[in-house]
Q: 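So that we are looking at the same thing, I have put the structure below in structure tokens.
So that the names make sense, note that chain A is the first sequence line, chain B the second, and so on, each numbered from 1.
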There are 2 protein chains.
Amino acid sequence: MEIIQVYKCLCDVQRLRILNLLQHGPLCVCHLVEILESDQVKISKQLRYMKELGMVEGERFAQWMIYSLTDAKHPLLRENLKCLQDCYAEDTSFAKDLRQRAALSERIKAETPGCAEAICDQGCQ
Amino acid sequence: MEIIQVYKCLCDVQRLRILNLLQHGPLCVCHLVEILESDQVKISKQLRYMKELGMVEGERFAQWMIYSLTDAKHPLLRENLKCLQDCYAEDTSFAKDLRQRAALSERIKAETPGCAEAICDQGCQ
DNA sequence: TATGCATATTCATATATTGGCATATGCCGT
DNA sequence: ACGGCATATGCCAATATATGAATATGCATA
């Protein structure tokens, strides 16, 4: 994963939000769609782009694709997410997204346990 | 200066090198052309792009345009340049550029004192 | 095998960014 | 006003990225 690819991934708000979410554990596309209040095709395309940049990878569990960071420990990525979290939280709606994520994962556990399990197989906290 | 603009500026090696150089003080276009081993039009266009993003600003001194960082203390920018310097110095040829910069500024003082003075008026160290 | 759900892909179009080449502008010294 | 130097701009083609609508794929379950 090269420097430039990292920055290319960082220079879009939606991608920033995805990175922030994935830093706290893997997610399936439908979670992302709901949290980002976007639509499936857009998110799918962002994920493809991010995958081409080498930033995320996806694994299929049943009908769900679970995405996670390729290298959550990449110094440049970590530093930036940390910095954004510390200094620009509102601009990026990082905190709001994480709150939504928590609420959502409760709901998912009840409504689609399969999806919840798949994510946990991939290392959810 | 917004987050996204900062990252847009960071996602090109040539722009990274320019930011690194400007962080150590203002420079004129001809310096940049020489250090980056590029040509005048390319550098001029990069500078315009960076100016539109709000990252640099230029001031004219006689026939020279002296460029400097708009906000050298911007946390996101500082953090990133620091991180790149610490962890990815070779990838970006930051150190080499700075060495070249030093050598160059000696030569400029001798050959085109006007340009050297202009830069110093703008706050060179 | 037919159906439904989650996700990906294709196509067409719009916009952004990059690069090369030629030319224009601004300022200086004569 | 003229020539030279430093810098910027305009134009055009190439490539990259983004967006919307329609459609295709993969998997599960009945």
Q: Just N and O in the side chain of R15(A): are any of them under 4.0 Å from OP1 or OP2 of dA18(D)?
A: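 For R15(A), the contact criterion (side-chain N or O under 4.0 Å from OP1 or OP2 of dA18(D)) is met.
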Q: Within this structure, what is the CG-CG distance for the pair L19(A) and L77(A), rounded to the nearest 0.5 Å?
A: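 Here the interatomic distance stands at 6.0 Å.
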Q: For C115(A), which contact category applies under a 4.0 Å heavy-atom criterion: base, sugar-phosphate, or nothing?
A: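 Here C115(A) touches no strand at all.
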Q: Need one value for K45(A): base, sugar-phosphate or nothing, where a base atom within 4.0 Å counts as base even if backbone is also close, heavy atoms only.
A: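 Touches a base.
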Q: Would you indicate which nucleotide in dA22(C), dT9(C), dC5(C) comes nearest to any side-chain atom of Q63(A)?
A: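 Selected nucleotide (nearest to the side chain): dC5(C).
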Q: Pick base, sugar-phosphate or nothing for K8(A), based on heavy-atom distances below 4.0 Å to the nucleic acid.
A: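 Answer is sugar-phosphate: K8(A) comes under 4.0 Å of backbone atoms only.
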Q: For a quick test of reading the model: is some side-chain N or O of K42(A) closer than 4.0 Å to OP1 or OP2 of dA18(D)?
A: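 Negative; the distance criterion is not met.
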Q: When the distance from CG of L27(B) to P of dA6(D) is rounded to whole Å, what number comes out?
A: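 L27(B) atom CG is separated from dA6(D) atom P by 15 Å.
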Q: Quickly work out the D12(B) CG to dT18(C) C1' distance and round it to whole Å.
A: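 Between C1' of dT18(C) and CG of D12(B): 9 Å.
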Q: Between dT7(C), dT7(D), dT9(D), which one does the side chain of M65(A) approach most closely?
A: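 Closest nucleotide to the M65(A) side chain: dT7(C).
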Q: OP1 or OP2 of dG26(C) versus the side-chain N and O atoms of R60(B): is any pair under 4.0 Å?
A: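 No, because none of the side-chain N or O atoms of R60(B) sits under 4.0 Å from OP1 or OP2 of dG26(C).
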Q: Send over the distance from I119(A) CD1 to dT7(C) C1', rounded to a whole Å.
A: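 To the nearest whole Å, that distance equals 14 Å.
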Q: What I'd like to find out is whether the side chain of W64(A) reaches to under 4.5 Å of the side chain of I119(A), using heavy atoms alone.
A: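 W64(A) vs I119(A): side chains apart.
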Q: Of all the choices, dT10(C), dA28(D), dA8(C), which nucleotide is nearest to the side chain of R48(A) once you look at every atom?
A: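 Among dT10(C), dA28(D), dA8(C), the one nearest the side chain of R48(A) is dT10(C).
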Q: Return the minimal non-hydrogen interatomic distance between C28(A) and H31(A), and the atom names on each side.
A: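 For C28(A) and H31(A), the tightest heavy-atom pair comes out as SG-ND1, 2.9 Å.
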Q: Give the rounded distance in Å between these two atoms: CG of L10(A) and P of dT17(D).
A: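 L10(A) atom CG is separated from dT17(D) atom P by 14 Å.
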Q: Under the criterion salt bridge (Lys or Arg N to Asp or Glu O under 4.0 Å), I'd like the reasoning laid out for K82(B) against E79(B): C-alpha separation, chi angles, the key distance, then a yes or no.
A: CA-CA 5 Å; K82(B) 186 172 176 311; E79(B) 277 304 313; over 6 Å; no
Q: Starting at atom CD1 of I66(B), determine the distance to atom C1' of dC27(C), rounded to an integer number of angstrom.
A: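 Rounding to the nearest Å, CD1 of I66(B) and C1' of dC27(C) are 13 Å apart.
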Q: Which is true for F61(A) with a 4.0 Å heavy-atom rule: it touches a base, it touches only sugar-phosphate, or it touches nothing?
A: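 If one applies the 4.0 Å heavy-atom cut-off, F61(A) turns out to touch nothing in the nucleic acid.
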Q: Are H24(A) and N20(A) side-chain neighbours, meaning at least one heavy-atom pair lies under 4.5 Å?
A: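 Yes, their side chains come closer than 4.5 Å.
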Q: Below 3.5 Å, does any donor atom in the side chain of Q40(A) face an acceptor in the base of dA6(C), or the other way round?
A: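 Such a pair does not exist between side chain and base.
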Q: What is the distance, rounded to the nearest whole Å, between atom CG of L47(A) and atom C1' of dT9(C)?
A: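 It is 14 Å, rounded to the nearest whole Å.
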Q: Within less than 4.0 Å of OP1 or OP2 of dA8(D), is there a side-chain N or O belonging to Y49(B)?
A: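 No.
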Q: If you apply the rule side chain to side chain donor-acceptor pair (under 3.5 Å), what do you find for Y49(B) with D12(B), and how did you get there?
A: CA-CA 12 Å; Y49(B) 183 70; D12(B) 173 274; over 6 Å; no
Q: Could you give the CG-to-P distance, from D39(A) to dT19(D), as a whole number of Å?
A: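 Spelled out: CG on D39(A) to P on dT19(D) is 10 Å.
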Q: Side chain of W64(B), heavy atoms from C-beta onward: which of dT7(C), dA8(C), dT7(D) has the nearest atom to it?
A: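 Nearest to the side-chain atoms of W64(B), counting from C-beta on, is dT7(D).
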Q: From CD of Q46(B) over to P of dT7(D), roughly how many Å is that when rounded to an integer?
A: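 Rounded to the whole Å, the gap is 16 Å.
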